[in-house]
Amino acid sequence: MSSFDESDAFEGASLSARAMAARPMPYLDDLNPEQRAAVEALEGPVLMLAGAGTGKTKALTTRIVHLLNTGTARPNEILAVTFTNKAAREMKMRVGRTLGEAIEGMPWLGTFHSICVKLLRRHAELVDLKSNFTILDTDDQIRLLKQLIRAAGIDDKRWPARALAGVIDNWKNRAWTPDNVPAGEAGAFDGKGVALYKQYQIRLRELNAVDFGDLLLHMVTIFQSHEDILAQYQRWFRYILVDEYQDTNVAQYLWLRLLAGGHKNICCVGDDDQSIYGWRGAEVGNILRFEKDFPGATVIRLEQNYRSTPHILAAAGGVIAGNKGRLGKELWTEAPEGEKVRLIGHWDGEEEARWIGEEIEAMQRGTRGMRAFGLDDMAILVRASHQMRAFEDRFLTIGLPYRVIGGPRFYERMEIRDAMAYFRLVVSPSDDLAFERIVNTPKRGLGDKAQQTIQRIARENGVSLLDGAALAVEQGAIKGKGAAALGKLVVDLSRWGRMTGDADLSHMELAEIILDESGYTEMWQNDKTPEAPGRLENLKELVKALEQFENLGGFLEHVSLIMDNESEEQGEKVSIMTLHAAKGLEFPAVFLPGWEDGLFPSQRSMDESGLKGVEEERRLAYVGITRAEEICTISFAGNRRVYGQWQSQMPSRFIDELPEEHVEVLTPPDLYGGGYGAAGGMGQSGLEQMAAEANVYNSPGWRRMQSRAGERPLSQPRESKSSVIDAQAISSHTMGERVFHQKFGYGAVIGIEGDKLEIDFEKAGVKKVVARFVTGADDVPF
DNA sequence: CAGTCCTTGCCGGCC
DNA sequence: GCAAGGACTG
């Protein structure tokens, strides 16, 4: 921005900035006026409302650079919080690059959780923990809760541990300790939620463990009850920056407000339209109330978009306009018009995957006057991870290289978690959860009964499970071959524990010894399932990953917080990921499949949160569309397999919200007598029908007409053309009617639920089936 | 106690 | 369609 000269740069700049004016600030020239204002308003509260693709990360990192470069703050005086490790890494990298590698690290740039771990280790004793506490992941958490539920004599089938975990997480996100849970929540989990929460916290304390929610909750508790400690950190962290502020939950919000309470030098960046984590406690309200909490705050809007074409922005804007209570931003761009957003409907989910696969190959070559795109330039963004399968299957078939982002993470794999349980037990022998995990892995002949004995002895003596096991062996309480194996395990573990102090032995070698001598490696070597080699490979990788750490303990700490797929494999590949994982990313060409009501917007979200749920789904749609730079392709299918059953789908309500003038409707391949499965079965009238449907996809009234016409599926299933299934039979079934199903045979209708029937089959028993696949028994043509 | 069959419930994303 | 968990059997 050459229109800004030096004197402009000093407007509103701090004294210290003036003092450092001698230093060049070339980085400021890269910014537009709004970004520059956000960077230079160093003192006092600042709220940066930054739309998608408006250079928010740039503004944020430049702000850090400016703080450092002007000498306003030293690296360790800046607290910069992000949500993901990826964002933290990126920010670190960009600060370093702009500054010319000069920073000696930013110790307080990281995720909420990683920063809280650091703080909590220093003050653990204030919440009755030791500073070497372990951090439970979701798996451990569920197992622990299950034990508590069973111990309370509650049927854990009707009241699953997962549900309780959800309730407790929710409370923690709102910064409610067991004593603070409001009376209105008392009914949670069959009225026993609060009591179980209390027990859970006691148990965590006994285990010297915390869960993710505790990291923040404990710190908020400490800050609230120890003014001196809070004051110390308020002085220490002189400047606070927060990324993705719209995603903060109440606990995070309180934490920030406490820390910023003195100087109020807090800069929050967010976009209320991209708030997509309400389900995990994020409060858009935090961004909406910023000006109330920090009176006199500078509010800066970044609205110039540097990412997408006008058509894409207009389509996204049209969708998000349906939400109420927005802060309101209007994105604009100087980019050339480009392609309209492309919309296409398909017969079913498999065909959608097939078409996208082909389209990707075509776009690689350059098609329809578009430029050629590399595979790295293209991404498929799905609503739910199970949608990925169809694409993986298809891409494997046609040999199209792809990468799944955010799939099953390395550290969540069974073999890795097992191996880490061994490491944990070696480092901290009282880690009961780790003990439970590996005591019979590999098989040592220690089943339920033996484990109960160990539990009992440990409890009676008030010792850890491992010590309890040692006692059990001494007392001869465990019989048979299990006794010897258990004895060996106990001895081995203490031996490995002593070896951690051995200076001649690297922790990598120790890790290998543990995995070998415990028989764990051998277990997988003897396993003949196809996954076994991959698991051994992963174990090798695990040992390799240890290299970057000083000892096993340091590694375990890292792993509990860094759960993302680090392995950035090389090579040109199409990316497949969820919409949630895509936030913050951008691609020249984006595919958005599965825009069908129930899938997107997700039924679950609507059931749980009603209109609020739909609005959050709409923001997710907005995030999806705004990931695209040049080409955005939205698609839906008329039929989709859900839980292995075919279901007819209605196009998403969001499709109706796309402004017509920015959308181009593509023709489904079937219209050309398509070479696949259609097998010439489609007659002329079928073609006309599909063509007619294709032409009205873009009419905003189309969906409404469809719904008025009843629950008519987008198109009849292909099977109706050639098989015994009579499409006309959809309409009416009556209770008690005798019907025929191709797979299950004859049966009687015992329930009707929309388009699904409950049928008591003579051979197959009671099943729920889609009405379309059932005919009246008399209609069977053989 | 481990392996196999069968039933059941489920598929929302992250630190 | 799949994985987890229970019942049953060797």
Side-chain angles (χ1 to χ4, degrees), chain A residues 81-88 110-117 135-139 141-143 146 156-158 160-163 166 169 172-173 210-216 244 247-249 251-252 275-282 349 381-390 393 405-409 411-412 414 440-451 478-482 485 558-565 577-584 594 598-609 613 616-617 620 623 640-646 765-768:
Chain A
V81 218
T82 62
F83 271 82
T84 62
N85 291 292
K86 207 170 143 196
T111 62
F112 275 104
H113 292 90
S114 68
I115 289 169
C116 281
V117 175
I135 303 163
L136 302 194
D137 59 25
T138 322
D139 241 55
Q141 197 186 359
I142 303 271
R143 276 192 300 145
K146 193 175 218 160
D156 68 323
K157 295 215 103 159
R158 267 169 50 103
R162 277 179 62 120
D169 275 348
K172 287 188 175 175
N173 287 338
V210 300
D211 63 21
F212 283 118
D214 281 339
L215 292 173
L216 271 142
E244 308 280 13
D247 289 334
T248 49
N249 61 35
Q252 289 160 337
S275 164
I276 55 175
Y277 284 105
W279 48 271
R280 67 174 207 214
L381 312 183
V382 298
R383 173 63 184 85
S385 50
H386 66 260
Q387 288 172 263
M388 295 180 181
R389 233 195 113 101
D393 284 354
I405 296 182
R409 280 174 282 275
Y411 292 117
E412 281 172 16
M414 186 211 311
N440 202 27
T441 309
K443 301 274 182 272
R444 295 190 173 89
L446 297 160
D448 276 354
K449 239 181 118 205
Q451 291 188 40
I478 307 269
K479 312 237 178 323
K481 61 180 166 145
H558 167 86
V559 163
S560 56
L561 290 167
I562 311 287
M563 281 297 202
D564 54 8
N565 286 18
M577 70 190 88
T578 63
L579 286 163
H580 284 92
K583 190 159 75 146
L599 182 58
F600 187 41
S602 117
Q603 195 59 50
R604 188 159 163 187
S605 175
M606 293 189 288
D607 290 348
E608 280 170 17
S609 320
E616 180 151 316
E617 297 286 307
L620 207 42
V623 167
R640 196 174 287 277
R641 224 204 291 260
V642 183
Y643 298 138
Q645 294 261 6
W646 282 100
V766 176
K767 303 248 186 242
K768 270 194 189 159

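Keep in mind the model is a prediction, meaning the values are calculated, not measured.
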A:R280 CZ to B:dG12 P, straight-line distance once rounded to whole Å: 15 Å
Gap between atoms CG and P, on A:N440 and B:dG3 respectively (whole Å): 10 Å
Over all atoms of both residues, closest heavy-atom pair of A:Q451 and A:L446: NE2-O, 3.2 Å
Chain A footprint on DNA chain C, 5' to 3' - any atom under 4.0 Å from a heavy atom: C:dG1 to C:dG6
Whole angstrom value for the distance that separates C1' of B:dC15 from CD of A:Q141: 12 Å
A:R604 side chain near B:dG12 phosphate (N/O to OP1/OP2, under 4.0 Å): yes
Per A:K443 side chain, nearest of listed nucleotides B:dC15, B:dG3, B:dG12: B:dG3
Residue whose nearest DNA chain B nucleotide is more 5′ - A:Q451 or A:S605: A:Q451
A:H580 NE2 - B:dC11 P separation (whole Å): 16 Å
Spacing between A:R162 atom CZ and B:dG9 atom P, to the nearest angstrom: 14 Å
A:D169 or A:G445, whichever maps to the more 5' nucleotide of DNA chain B: A:G445
Nearest-angstrom distance from the residue atom OH of A:Y643 to C1' of B:dC10: 5 Å
Side-chain heavy atoms of A:Q141 within contact of A:K146, under 4.5 Å: no
From A:N249 atom CG to A:Y277 atom OH, the distance as rounded to the nearest 0.5 Å: 13.0 Å
Side chain of A:A384 - closest among B:dC14, B:dC15, B:dG12: B:dG12
Integer-rounded Å distance: B:dG12 C1' and A:D607 CG: 13 Å
Sugar-phosphate only, base, or nothing, as touched by A:S602 at under 4.0 Å among non-hydrogen atoms: nothing
From CG (A:L136) to CG (A:D214), nearest 0.5 Å: 8.5 Å
Partners passing ring pair (Phe, Tyr, Trp, His ring centres under 6.0 Å) against A:F83 (at least two apart in sequence or in another chain): A:F112
Sugar-phosphate only, base, or nothing, as touched by A:F112 at under 4.0 Å among non-hydrogen atoms: nothing
Stepwise side-chain contact (heavy atoms from CB on, under 4.5 Å) check, A:I276 with A:L579: CA-CA 9 Å; A:I276 55 175; A:L579 286 163; over 6 Å; no
Sugar-phosphate, base or nothing in reach of A:K146, heavy atoms under 4.0 Å: sugar-phosphate
Touch class at under 4.0 angstrom, heavy-atom based, for A:R389 against every strand present: sugar-phosphate
From A:T84 atom OG1 to A:E244 atom CD, the distance as rounded to the nearest 0.5 Å: 7.5 Å
Protein-nucleotide distance (A:N85, atom CG; B:dC14, atom P), rounded to Å: 12 Å
